[in-house]
J.: 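First the structure, then my questions, so here it is.
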Amino acid sequence: MTAPAVIPFSGTPDDAMKLQLERGVTVQVRKVLRNESDESSVDISRQGDEVIVLDTGGFNESRTEGVVRLGEHGQSNWMGVTASDLTTTFHRTDVPEDMRDIVSEELADERSRIIKTGEDAEYVRPASTERLPAGKTWYRDERDYDCVMQSALGSFSLSELVQAELIKNMVTLAAPPVPGEELDGVPTTVYAGTAPIRKLGGTVSFSDPMNLDMYERADKTITVSWKLSVGPDQLPRRMTLSTPVPPVFQDDAPATAVTEVTFAAWGAPMNIVAPPADQVHVLTEGTRGCIETGE
């Protein structure tokens with residue numbers, strides 16, 4: 001795969017993103033979502049020489065990478081991703097090094113690959129195929145959702161992060177830009193800032209009242225700190241957002257949700273295709289649980 005030559009763009013980063021949405025380009029992405037907290041994802045206690053582990057399958061970091069295609073009208077109504085081929089893994093980076101032989105860092109049985117070829121076409125390849133019929137390695141779920149679940153504060157979807165509105169706010173609310181490191185083979189300019197979350201974006205994860213009202217009633221303002229690195233073409237090469245989330249209940253520990261996305265090979269030819277039909281099992285009976293808004 002050969003990425004197109006990077007052509008300097010004289011407009012703003014949000015104008016550059018609008019052009020990519022209009023053109024329906026593809027781009028490689030890697031997204032890391034991490035929860036930083038004093039509470040460990042695995043409960044480990046020591047009693048003398050004995051180690052007791054309470055592992056309920058928790059994790060503090062997910063990593064998603066692959067390819068997305070942008071468009072003006074994508075998944076989740078007006079969102080900007082129209083198709084994607086993404087693999088997600090789940091990790092416990094907060095496990096002490098001397099416990100890595102006892103507690104695995106990666107939840108291998110939670111790994112999944114999801115291909116979305118359109119608004120309603122989603123194919124999932126789970127880590128284990130034991131629940132699928134013989135010869136099937138993928139499934140497509142045609143059942144209705146039971147409910148809608150709000151995304152956690154600081155958990156931003158790729159669809160939200162490619163919105164031109166967000167890019168514009170990151171630039172206009174930032175401090176004066178400074179030179180950054182080389183990313184994706186090009187020099188970058190960095191826009192860094194901090195602002196109340198409602199000012200940064202208008203999508204669900206940024207402004208959903210159910211997630212924010214309870215904090216605001218308690219005089220707690222949710223702020224986001226960010227760094228946006230763009231190339232000479234004004235397109236993002238890396239985006240980092242850090243969202244401190246106050247505890248909801250007295251016994252909860254404060255946490256910080258960190259989202260980091262890297263972009264590479266803007267506009268390179270990359271195919272997003274459905275798996276072979278004879279490998280796909282279609283689910284039609286029952287219901288499929290909840291859908292997260294913003295995804």
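Atom set for the values below is all heavy atoms of this structure, side chains included, hydrogens, waters and symmetry mates excluded. Residue numbers count from 1 along this sequence.
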J.: Using a 4.5 Å cut-off on heavy atoms from C-beta on, say whether the side chain of Leu166 contacts that of Leu161.
T.: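 When only atoms from C-beta onward are counted, Leu166 and Leu161 do touch, with a gap below 4.5 Å.
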J.: Taking the side chain as every heavy atom from C-beta outward, state whether Leu158 and Leu86 have any atom pair closer than 4.5 Å.
T.: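 Yes, close enough: below the 4.5 Å cut-off.
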J.: Would you say Asn60 and Thr93 are linked by a side-chain donor-acceptor pair, where the criterion is simply a distance under 3.5 Å?
T.: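 Checked: Thr93/Asn60 side chains pair up, N/O donor to acceptor below 3.5 Å.
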J.: Do NZ/NE/NH1/NH2 and the carboxylate oxygens of Lys168 and Asp15 come within less than 4.0 Å?
T.: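 So Lys168 does not pair with Asp15 through a salt bridge.
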J.: What about Met17 and Leu173, same hydrophobic cluster or not, with Ile/Leu/Val/Met/Phe/Trp/Tyr joined at side-chain heavy-atom distances under 4.5 Å?
T.: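 As far as the 4.5 Å side-chain criterion goes, Leu173 and Met17 are connected within one cluster.
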J.: Nearest 0.5 Å, please: how far is CZ in Arg125 from CD1 in Ile114?
T.: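 That separation rounds to 13.5 Å.
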J.: Any idea which heavy atoms bring Pro236 and Leu228 closest together, and the distance?
T.: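 Taking Pro236 first and Leu228 second, the nearest heavy atoms are CB-CD1, 4.0 Å.
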J.: About how many Å separate OH of Tyr139 and CG of Leu132, when rounded to the nearest 0.5 Å?
T.: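 Going from the CG atom of Leu132 to the OH atom of Tyr139 covers 8.0 Å.
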J.: Heavy-atom count around Lys227 NZ within 6.0 Å, excluding the residue itself: above 12?
T.: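 Count not over threshold, so no.
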J.: Out of curiosity, does Trp226 fall in the hydrophobic cluster containing Leu235 (side-chain heavy atoms, cut-off under 4.5 Å, transitive links)?
T.: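 Yes; Trp226 is reachable from Leu235 via cluster members.
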J.: Taking the side chain as every heavy atom from C-beta outward, state whether Glu106 and Arg111 have any atom pair closer than 4.5 Å.
T.: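 Glu106 vs Arg111: side chains touch.
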J.: May I ask you to test the Leu241-Ser225 pair for a side-chain heavy-atom distance under 4.5 Å?
T.: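 SC-SC contact between Leu241 and Ser225 ruled out.
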J.: If you round to the nearest 0.5 Å, how far is CZ of Arg237 from CD of Glu182?
T.: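 CZ of Arg237 is found 10.5 Å from CD of Glu182.
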J.: Any side-chain donor-acceptor pair under 3.5 Å between Asn35 and Ser37?
T.: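 Result is no, nothing qualifies.
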J.: Quick check: do Met239 and Ile167 have side-chain heavy atoms less than 4.5 Å from each other?
T.: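 SC-SC contact between Met239 and Ile167 confirmed.
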J.: Is any side-chain heavy atom of Glu122 closer than 4.5 Å to a side-chain heavy atom of Lys116?
T.: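 Yes, side chains in contact.
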J.: Is there a path of hydrophobic side-chain contacts, each under 4.5 Å between heavy atoms of I, L, V, M, F, W or Y residues, that connects Val25 with Val186?
T.: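 No; tracing contacts between hydrophobic side chains, which count when under 4.5 Å, never links both residues.
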J.: Can you see which heavy atom on Gly80 is nearest to which on Gln163, and at what distance?
T.: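 Shortest heavy-atom separation between Gly80 and Gln163 comes out as N-NE2, 3.1 Å.
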J.: Whether Glu36 and Arg34 form a salt bridge (side-chain N of Lys/Arg under 4.0 Å from carboxylate O of Asp/Glu) is what I want to check.
T.: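 Counted as a salt bridge, because a side-chain N and a carboxylate O are separated by less than 4.0 Å.
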J.: Could you check whether any side-chain heavy atom of Leu70 comes within less than 4.5 Å of a side-chain heavy atom of Trp266, counting everything from C-beta outward?
T.: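 Yes; the side chains approach each other to less than 4.5 Å.
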J.: Rounded to the nearest 0.5 Å, what's the gap from CD on Glu110 to OG1 on Thr89? Could you check?
T.: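 So the CD of Glu110 and the OG1 of Thr89 are separated by 11.0 Å.
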J.: So do the side chains of Gln279 and Trp138 get within less than 4.5 Å of each other, counting heavy atoms only?
T.: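 Yes - at least one pair of side-chain heavy atoms lies under 4.5 Å apart.
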